[in-house]
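For clarity, every value in this text was computed on a predicted model and none was experimentally measured.
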Amino acid sequence: ERLKEHDTAADSLIDQSAVLHRRVAAMREAGAGCADQGPGAAAERPDPSRLRPHVVLAQENTQIRDLQQENRELWVSLEEHQDALELIMSKYRKQMLQLLEGRKGEDAEPVLKVHQANSGEIESQIDRICEMGKVMRKAVQVDDEQFFKVQERLAQLELENKELRELLSISKESFEVGREDLPD
């Protein structure tokens, strides 16, 4: 189950990274599109001062500048992250290569023995966990049975209580009727 959870988590991370990659590509295209349009594109657009008040435009301009600054910071951060990842991966590859070259000369038998001992220990722990699971299932089953017995007994007592109340009310009514029939 954990492997399935890890697998689904990995799939979701892959999907998220793909979405982020698409967003980054879209940002690059948008940045390139603005640079390609040049000054002639501004002449083709309608005059924004006629469409909106000057104050709104000033606010939008500051927001646009803030977003552009944030974009620049994000690009720098992304590039730093990619550089750090490249450095880490190159060191990892170098260490793995050294490890593999160093292991070629070593005998694999001690490692195999340790691995077998560890796998035997893991199997015994799995067996213990399975046994505990069986005990827990049995305890849950006993608890459920006890709960149902208590529920059944409670329902019986409620029914009996209701019937006794009805008998009591009937006897009170007959006692009051008998009292009314008696002369004062």
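A distance of 9.5 Å separates OG1 in T8 from CG in L13, rounded to the nearest 0.5 Å. The distance from atom CD of E152 to atom NZ of K149, rounded to the nearest 0.5 Å, is 9.5 Å. Note that the NZ atom of K162 and the CG atom of L157 stand 15.0 Å from one another [nearest 0.5 Å]. Interatomic distance, E29 CD to R22 CZ, rounded to the nearest 0.5 Å: 12.5 Å. Taking CD from E86 and CZ from R93, the interatomic distance works out to 6.5 Å, rounded to the nearest 0.5 Å. Between atom CG of residue D15 and atom CG of residue L20 there is a gap of 11.0 Å, rounded to the nearest 0.5 Å.
For M136, the CE atom counts as loosely surrounded, since its 6.0 Å shell holds 12 or fewer non-hydrogen atoms of other residues, nucleotides or ligands. For CZ of R23, the number of neighbouring non-hydrogen atoms (other residues, nucleotides, ligands) closer than 6.0 Å is 12 at most.
By the rule that hydrophobic residues join a cluster once side-chain heavy atoms approach within less than 4.5 Å of another member, I129 and V135 end up as members of separate clusters.
The closest side-chain heavy-atom distance from L164 to L168 is not below 4.5 Å. In this structure, R72 and V76 have side chains that are not in contact, with every pair of non-hydrogen atoms separated by 4.5 Å or more.
Considering E163, R165, E158 in turn, R165 is the only one that fulfils the side-chain hydrogen bond (donor to acceptor under 3.5 Å, both in side chains) rule with N161.
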| task | Just do the side-chain contact (heavy atoms from CB on, under 4.5 Å) check on V24 and R28 with the steps written out, would you? | result | CA-CA 6 Å; V24 167; R28 284 183 183 160; 4.0 Å; yes

| query | For D7 and L3, what are the C-alpha separation, side-chain angles and deciding distance, and is it a side-chain contact (heavy atoms from CB on, under 4.5 Å)? | reply | CA-CA 6 Å; D7 190 34; L3 287 174; over 6 Å; no

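S77 places no side-chain N or O within donor-acceptor distance of the main-chain N or O of L74, the cut-off being under 3.5 Å.
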